[in-house]
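Beneath this line is the structure, given in structure tokens, with notes to follow.
Here is the naming used below: chain letters follow the sequence lines, and residue numbers restart at 1 for every chain.
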Amino acid sequence: MSKTLSLLIFLVMTAFFACFFAYPIWAALESAFRGPDHKFTLEYITEVFLNELYREGLWNSFIIAVWTTLGSLVIALPLAVCYVRFAFPGRALLNSLVLMPMILPPFVGAIGIKAMLGQAGALNSFLINLGLMDAMHPTDWLGQQRMLGIIIMEVLHLYPIIYLNAAAALSNLDPAMEEAAANLGCNAWSRFWRVTLPLIMPGVFAGGTIVFVWSFTEMGVPLLFDYDRVTAVQVFRSINDLSGNPFPYALVTVMLVFSTLFYLTSKLLFGSSSASGGGRATTGREMIQLPPWLGWACTAFFAGVTFLAVLPHLGVVLLSFSKDWYGTVIPHSLTLSHYHDALGHELTLSSISNSLKYSALAMLVALVLGIGVAYVSVRTRIWGRQILDAMAMLPLAVPGIVMAFGYLAMTREGQPFHWLMLGEDPILLLVIAYAVRRLPYVVRSAAAGFQQVSPMLEEAAQNLGARPEKALWRITLPLVAPNLVAGGLLAFSFAMLEVSDSMILAQQAAHFPITKAIYSLVLALGSGPNLASALGVWAMIFLAVTILGAGVILGKKLGALFRG
Amino acid sequence: MVTITIQELTKRFSGSVVLSSVDLQIEAGELFFLLGPSGCGKTTLLRHIAGFYTPDAGKIWFDDEDVTRLPAHKRGTGMMFQSYALWPHLNVAQNVAFGLEERKRPRKEIEHRVSEALSQVKLDGLGSRKIQQLSGGQQQRVALARALVIRPKCLLLDEPLSNLDAKLRLEMRSEIRSICKQHGLTAIYVTHDRDEALSMADRMAIMESGKLVQVGTPTEIYRNPATRMVAEFIGETNFVEGRTLRESSRAGYHDVETPFGVLRGRTNDTSWQPAPGQPVVLSIRPEALTFGNVLDSPNRFPGHIIDTTYLGPTVQYLLQVQNGPLMKVCEINPQEIRPPSEEEVRAMAGMNDVVILRK
């Protein structure tokens, strides 16, 4: 590529990032620090810490994040060790199944959890049928332990992130590292604690940090559990207040500061130590053949975790087919009418078409930007290319709710980007928001492609007379096409199920994307939850198909997109 | 110091045989080499001795203890890995101390022995360095110290010098040998570098596709290779095919008819008497061939030089033998360099240097 074009891409990208990533964050921060007299003030921030409600919200978010991370670790680490070390029946299939929860939208699953754990839910009916519970006094699991429900839901959603990171770190570990310890007299158990675990720690922590920040700022799940005492939900609720209310901005600022602190701490603790070790791996890892009963125990462990993780979504599927699911273990009678009704409901059809429209456009934007960034950072030597690459990855670290509020802040009346609102239609804003949030996935998969395709192929084309741009177009792009398609599919499907931007930026029913439509259906009376489930099932089928497509195209590299 | 005995060791990896009924005895205090082309099973054999693999059949003994099923961490061997396998999360001293900690030695003793081991490999004072701060040669020394400090029953070395540059390799060769001899260690050294094996080994085994082809001292293997493959693997050589005529006048020598005349040589194994008319292969090392009339030997044949390579201490010629094959000739300390030409030269080889191999 010619230098001018690289520079042009660099400048365009920098401008785009300045406008739609840095500026919105700045706008959110500014609103948190500017008093009514347009002067700098710390009043709102201090108020956040003084107000008991906000303090409780922050504390609860923190607790949820801690337990979610610990829970995910407890599930994911043994899974990863089993997968990398042992041969057991169904290993390959279970390895992909165990990742399924990641692509199942947790806030849809929350509907299922409610159906199963509610007072007249499946669990209570089951216990009553067994005679373990008094039918007159059923336990209100979610009423008393809503926080526990949220944590369980998030653990079951997020453990695959740690699993992927830990499994990758484990399989990259030179087996000689452990063999050397064994050779020096170290038994298997103490080998794991003294050698293996310290060496994979950076990988595990990279995953752990993502899970921590994710659950710290998660909005969808607590919202559906109707749990108002976490910061993200408090922020969401306060949008409906007067538009000038500075407290949501102050809350968002506090969240951003905390998230950044968590990232920095983990980088400081584990960023510097390299896990790979000296020298290249010289021996392949020999998988340990377990005795049959232990092998099947591994299989059962994987299958059990997968089953638990998809259970809420099975609940959603059941709910979407059930005529009446009240006080029984499984629904009495099944019906297809919800699917039929869902298609007839004014919210559903428009939300599906809205989501398709927003997501497709966002995917295009993300693809164009992502290819540009990846190409410049992998193939050129211009100054600042690493900064560009780092910038494109930053949206992973910034909570979605912060970005959403930034966009809200920068398009308020009187702000320079107010025109983006197009009256009340959030299409431009949502497309930009989705594109920025999902850009990291596109950049990583495109960069992986560019790294695999030797620049010499392109040089050969130039040597035979093709202009640099032509060589890129005719040689390299076709070769990296699978990566681009996969990155695009991921961006698209995650955009379809985006929660925070959709909840906050889409204000009118006519412009609701699927996620917000599901949320408002859940709140509706009557068959609302069933309709929401039907819509959720549609969304899950959709997502499963696109992710499977991406998985087939990208193969094993799919996992690399979720590594910290 | 143990004697290692290997009995009929067999190992298959997903159906293909990588070790096939290997029998071998390594004496206490011996520096023993496993040598062979890549994929011959030498590393697999070493890893069986270390305990990382369990054989499908056969036994391994350390003295009179059967260790075949003993897990690696109970065998008390000290291994140097090809990649060194130094743990990046521990510093140099912590790496070296690891084995002693596992053996629950008192802290004082550990400190003392670690610094002793480090000074033995000439790394005094580098104990607090990180692994990443060391050069390749230094890392190699840490790996050696880590294996030695536990006073292992035997030292296992898996191509330990393959990641070093040529000069460092030469230095480390003599250093490793002298450390082994100093401690009287039984050591097994895996390599595919024949110079390493010839210069360091007490004895060695040549392996090919999971089998031991020959076991012996460097001289035995170089001078009396058991097969064509061994002859070629352990050094450069020329092969000439032919048929034995009859036992020649001088005891122990045989005349072999070749396309370019009759050559007289000795068999690689004195117990073998080739039958008259039996097809055989002759192995003649390049350095055994000379030009001119300096030896009392019937093995003389004409040819002309078609290529000359000057290497300083030696000069290598490619000789087109009249009515015969191309032969490599290597002259040591050459006084006169012969350019390629059509001019006839006569080459000759001593009877002892013409080795008759079974075909």
Side-chain angles (χ1 to χ4, degrees), chain A residues 85-87 91-92 166 169-206 266 268-291 294, chain B residues 13-14 43-44 46-47 49-54 71-90 94-105 130-136 138-140 142-143 146-150 152 154-156 158-160 162-163:
Chain A
R85 294 292 162 79
F86 305 136
R91 181 173 171 273
L170 273 172
S171 43
N172 286 340
L173 194 64
D174 183 353
M177 291 286 169
E178 287 154 8
E179 287 169 2
N183 177 256
L184 295 172
C186 196
N187 66 32
W189 181 247
S190 102
R191 214 146 64 217
F192 181 78
W193 290 105
R194 293 196 62 186
V195 176
T196 315
L197 198 60
L199 287 175
I200 63 167
M201 228 34 202
V204 172
F205 253 77
S266 98
L268 272 182
L269 282 177
F270 293 96
S272 54
S273 54
S274 81
S276 53
R280 65 209 154 85
T282 42
T283 44
R285 187 179 287 282
E286 202 193 8
M287 230 178 307
I288 299 169
Q289 291 290 339
L290 293 174
L294 266 180
Chain B
F13 283 141
S14 53
T43 297
T44 311
L46 189 80
R47 293 170 62 80
I49 297 170
F52 297 129
Y53 293 150
T54 353
H73 65 271
K74 293 189 177 152
R75 289 208 188 181
T77 65
M79 179 150 172
M80 250 181 96
F81 292 80
Q82 189 180 0
S83 61
Y84 312 145
L86 298 174
W87 303 298
H89 65 300
L90 304 178
Q94 287 166 334
N95 263 280
V96 178
F98 188 96
L100 295 172
E101 286 164 8
E102 284 301 323
R103 283 165 177 70
K104 308 259 187 302
R105 307 310 305 170
K130 287 191 165 180
I131 298 303
Q132 297 91 322
Q133 294 172 314
L134 301 181
S135 68
Q138 287 171 321
Q139 292 191 7
Q140 207 258 356
V142 178
R146 188 177 70 179
L148 286 174
V149 77
I150 58 166
C154 65
L155 185 64
L156 307 175
D158 183 7
E159 308 209 15
S162 63
N163 289 335

What heavy-atom pair brings Ala181(A) and Trp87(B) nearest, and what distance separates the two atoms? N-CZ2, 3.4 Å

Structural part of Arg103(B) lying under 4.5 Å from a heavy atom of chain A: side chain

Is Tyr84(B) in contact with chain A via its backbone, its side chain, both, or neither, using a 4.5 Å heavy-atom distance? neither

Check whether any side-chain heavy atom of [X] lies under 4.5 Å from a side-chain heavy atom of [Y], and answer yes or no.
X         : Y         : result
Leu184(A) : Arg146(B) : yes
Met177(A) : Ser83(B)  : no
Asp174(A) : Phe81(B)  : no

Drop me the distance from Asn183(A)'s CG to Arg47(B)'s CZ, to the nearest 0.5 angstrom. 10.5 Å

Which of Ala182(A), Ala188(A), Ser190(A) touches chain B most, by non-hydrogen pairs under 4.5 Å: Ala182(A)

Top contributor to chain A contacts, counting heavy-atom pairs under 4.5 Å, from Pro152(B), Gly99(B), Gly76(B): Gly99(B)

What residues, two or more places apart in sequence or in another chain, satisfy salt bridge (Lys or Arg N to Asp or Glu O under 4.0 Å) together with Arg194(A)? Glu101(B), Glu102(B)

